[in-house]
There are 2 protein chains.
Amino acid sequence: MGNPDQTIAERIREGIRDFTASERRAGLALLSHYPMAGLETVAEFAARAGVSAPSVLRFVARLGHASYPDFQRALRDELEAQLKTPLMKASHETSAPPQDRLGRFAAAMVANVADTFAHLPPQEFDAVAALLADPRRKLHLVGGRFTDAIARYAASHLRILRPGVAHLAGQVEHWRDHLLDLGRRDVLVVFDIRRYQENIVTLATEAAGRGATIVLVTDQWLSPVSRVAGHVLSARIEAPSNWDSTVAMLALTEALVAAVTERLWPSAKGRIEEIERLRGLA
Amino acid sequence: MGNPDQTIAERIREGIRDFTASERRAGLALLSHYPMAGLETVAEFAARAGVSAPSVLRFVARLGHASYPDFQRALRDELEAQLKTPLMKASHETSAPPQDRLGRFAAAMVANVADTFAHLPPQEFDAVAALLADPRRKLHLVGGRFTDAIARYAASHLRILRPGVAHLAGQVEHWRDHLLDLGRRDVLVVFDIRRYQENIVTLATEAAGRGATIVLVTDQWLSPVSRVAGHVLSARIEAPSNWDSTVAMLALTEALVAAVTERLWPSAKGRIEEIERLRGLA
DNA sequence: TCCCATCTGAAATCAGTATTCCAGAATTGA
DNA sequence: TCAATTCTGGAATACTGATTTCAGATGGGA
């Protein structure tokens with residue numbers, strides 16, 4: 001299969017000295033029509049390179065591929081990885097890309113996610129991940145009008161990874177009961193964006209007063225909860241729409257979940273298997 | 001074969017309405033993995049799309065190609081023309097592939113969102129937006145284990161914009177009651193990704209049987225719900241993590257909400273003001 | 001409800017392609 | 001110049017993958 005960290009083109013350039021004459025011709029033909037020539041049939045490729053089919057196969061074998069289809073698969077994978085780069089998007093959209101609303105919306109989303117990660121303080125991120133991965137801490141998650149979906153989403157993942165995860169759902173009245181239990185060992189994760197909700201601020205302030213650690217995930221203008229928060233992470237939420245976008249905030253949340261997953265993996269692995277088993281029973 | 005001035009992707013998007021169900025699945029599979037899926041063998045392509053090999057061939061024939069190899073040649077030519085221009089450069093200088101996990105995660109998120117919008121068939125998107133904005137239709141939203149948060153999120157926005165929006169929450173048992181009310185005038189919006197949930201498929205199938213229109217928002221591999229869906233939108237969900245990412249799906253959903261908002265704005269404006277007023281009272 | 005038209009995929013068939021073999025050509029070194 | 005070695009491509013072979021067929025499934029209309 002060859003070294004997967006190297007493109008096929010690189011391997012050809014590197015090894016071309018040691019090739020036989022017809023292998024070299026095949027290699028040059030491929031490089032000069034890269035990578036399409038390699039996606040043709042052996043016969044076509046051979047004709048293009050001016051060599052025989054067997055020579056092409058020897059060339060492919062020399063590059064370390066088990067068979068011609070295997071070689072083509074590698075080329076396709078390589079190409080696909082290349083096409084993944086977002087630059088490609090522009091060339092795909094034939095007509096007036098920045099004009100249409102959908103395109104503008106897409107561009108804004110992409111920018112939000114990119115900016116959010118670009119401005120993320122790694123220490124802060126790691127500190128939060130460590131906190132969420134600490135099994136001695138109890139976690140409580142709560143969100144506002146629209147961000148509650150993210151709180152819920154995070155909770156549903158974290159609950160799988162570790163015990164002691166609660167989502168403060170719906171009714172504000174229930175929160176009071178929860179408050180009673182919040183203390184030094186508790187972490188309250190608050191999701192709150194623009195048009196910050198008063199009751200959320202009150203809850204966080206009260207919880208902080210009782211000694212709980214507050215983690216705030218908010219927008220770039222920072223919810224007032226930041227006053228009492230031990231850790232603050234912010235995400236970009238602007239969109240060409242009447243609504244704010246929580247896409248970047250979800251991306252940030254997923255990144256946190258991924259980091260926590262990694263930290264907890266030894267213990268979480270068995271836990272997940274057990275959960276799968278129980279789900280199977282249901 | 002076919003009109004040479006049009007890309008194959010365009011022809012698919014344009015004609016997809018008139019395709020048969022399995023041709024449509026093939027088309028969607030190709031669009032969501034464009035154009036690599038089409039460079040695979042018929043069998044691989046068929047497996048990816050979840051249809052049989054003959055269906056893929058009928059799909060290719062419908063696009064106006066004389067044979068599968070002819071179709072592949074067209075794809076290659078198209079791709080070659082694209083590669084000729086801008087991004088050869090960018091792909092070669094893969095400078096600084098972010099080694100750190102957070103950077104890789106961020107890059108994947110950005111790519112997911114970009115790809116999702118790049119491969120989104122605009123007609124399909126518009127059709128869904130129109131459906132969701134039709135006040136004569138009742139909307140019912142439901143999601144799976146992790147996607148339910150998105151269903152809920154979408155519902156909370158749509159509910160503000162228009163009447164007749166229901167979120168099928170939690171308990172599977174409650175769904176049954178709901179099913180009774182689903183008929184020709186109803187739209188069931190289903191969010192379902194990898195490790196597709198059986199009960200969701202059952203629900204959608206049953207709802208479709210009762211004449212409801214099914215809108216499916218799924219991943220690039222298409223939930224089995226696509227069999228009964230009137231409209232399918234797919235989002236990229238792969239992430240360098242143990243979990244799949246729903247970021248792009250949320251982005252897609254927000255784009256839909258934005259489109260619906262725009263369509264309904266004249267009527268929604270007053271509605272929102274009224275809601276604000278009521279919230280003020282509480 | 002039944003019928004007709006349409007669609008779909010399993011299996012059989014067929015075509016074309018990769019692969020192998022080997023004889024002869026080219027190259028090398030003495 | 002001559003052998004030894006390496007390389008090369010024509011032709012036979014073995015597969016794999018495209019294509020066709022057809023029976024059954026599906027859906028829509030009377």
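Labels below follow one simple rule: chain letters A, B, ... track the order of the sequence lines, proteins then strands, and each chain is numbered from 1. When reading the values below, keep in mind they use all heavy atoms of this one structure, side chains included, and skip hydrogens, waters and symmetry mates.
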Point to revise | Partners passing side-chain hydrogen bond (donor to acceptor under 3.5 Å, both in side chains) against B:T253 (at least two apart in sequence or in another chain) | key: none
**Study point:** Between D:dT16 (P) and B:E40 (CD): distance, integer Å
**Key:** 18 Å
**Study point:** Between D:dC7 (C1') and A:R58 (CZ): distance, integer Å
**Key:** 7 Å
Point to revise | Spacing between B:F71 atom CZ and D:dT19 atom P, to the nearest angstrom | key: 11 Å
Exercise for review: For B:Y196, enumerate each residue passing the ring pair (Phe, Tyr, Trp, His ring centres under 6.0 Å) test, keeping only those at least two apart in sequence or located in another chain.
Suggested key: none
Check your understanding: First and last nucleotide of DNA chain C in contact with chain B, 5' to 3', at under 4.0 Å to a heavy atom: what are they?
Key -> C:dC7 to C:dA10
Revision key, fill the gap. Residues passing the salt bridge (Lys or Arg N to Asp or Glu O under 4.0 Å) test with B:E23, sequence neighbours excluded, are B:R62
Check your understanding: Over its full length, what angle do the end axes of the helix from C:dT1-D:dA30 to C:dA30-D:dT1 make, each axis taken from five pairs and the result rounded to 10 degrees?
Key -> 30°
Review point. So, for B:A255 and B:F117, which heavy atoms are closest and what is the spacing to 0.1 Å?
Key: CB-CE2, 3.8 Å
Check your understanding: Any donor-acceptor pair under 3.5 Å linking the side chain of A:D70 with the backbone of A:H65?
Key -> no
Practice item. Would you jot down, in residue-number order, the residues of residues 205-212 of chain B having a non-hydrogen atom under 4.0 Å from DNA chain D? Key: none
Study note, to complete from the structure: Whether each nucleotide of nucleotides 25-30 of chain D has a protein heavy atom under 4.0 Å at its base (B), only at its sugar-phosphate (S) or at neither (-) is summarised, 5' to 3', as ------
Practice item. Figure out the CD/C1' separation between B:Q72 and D:dT19, and round it to whole Å. Key: 14 Å
Exercise for review: For the pair B:R271 (side chain) and B:R162 (backbone), establish whether a donor and an acceptor sit closer than 3.5 Å, ignoring hydrogens and angles.
Suggested key: yes
Check your understanding: Are A:E273 and A:R277 close enough for a salt bridge, meaning some N to O gap below 4.0 Å?
Key -> no
**Study point:** Residues touching DNA chain C, which here means a heavy atom under 4.0 Å, drawn from residues 41-57 of chain A
**Key:** A:T41, A:V42, A:A43, A:P54, A:L57
Check your understanding: Given atom CZ of A:F19 and atom P of D:dC7, what is their separation to the nearest angstrom?
Key -> 13 Å
Review point. Who pairs with B:W243 by side-chain hydrogen bond (donor to acceptor under 3.5 Å, both in side chains), at least two apart in sequence or on another chain?
Key: A:T261
Study note, to complete from the structure: Here the side chain to side chain donor-acceptor pair (under 3.5 Å) pairs for residues 202-213 of chain B, sequence neighbours left out, are B:R137-B:T213
Practice item. Compare every heavy atom of B:V260 with every heavy atom of B:A129, then report the nearest pair and how far apart it is. Key: O-CG2, 3.7 Å
**Study point:** salt bridge (charged side-chain N to carboxylate O under 4.0 Å, His left out) contacts in which one or both residues fall within residues 181-190 of chain B, not counting sequence neighbours
**Key:** none
**Study point:** Lys/Arg-Asp/Glu bridge criterion (N-O < 4.0 Å) met for B:D77, B:R73
**Key:** no
Point to revise | Worked check of side-chain contact (heavy atoms from CB on, under 4.5 Å) between B:I150 and A:Y153 | key: CA-CA 9 Å; B:I150 296 183; A:Y153 181 78; over 6 Å; no
Check your understanding: Any side-chain donor paired with an acceptor under 3.5 Å for A:E254 and B:T246?
Key -> yes
**Study point:** Rounded distance (Å) that lies between atom P of D:dT16 and atom CG of A:D70
**Key:** 14 Å
Practice item. Indicate the atoms forming the closest heavy-atom contact of B:A204 with B:V225, along with that distance. Key: CB-CG1, 3.7 Å
Practice item. Sequence neighbours left out, what passes side-chain hydrogen bond (donor to acceptor under 3.5 Å, both in side chains) with B:R58? Give chain and number order. Key: B:S55
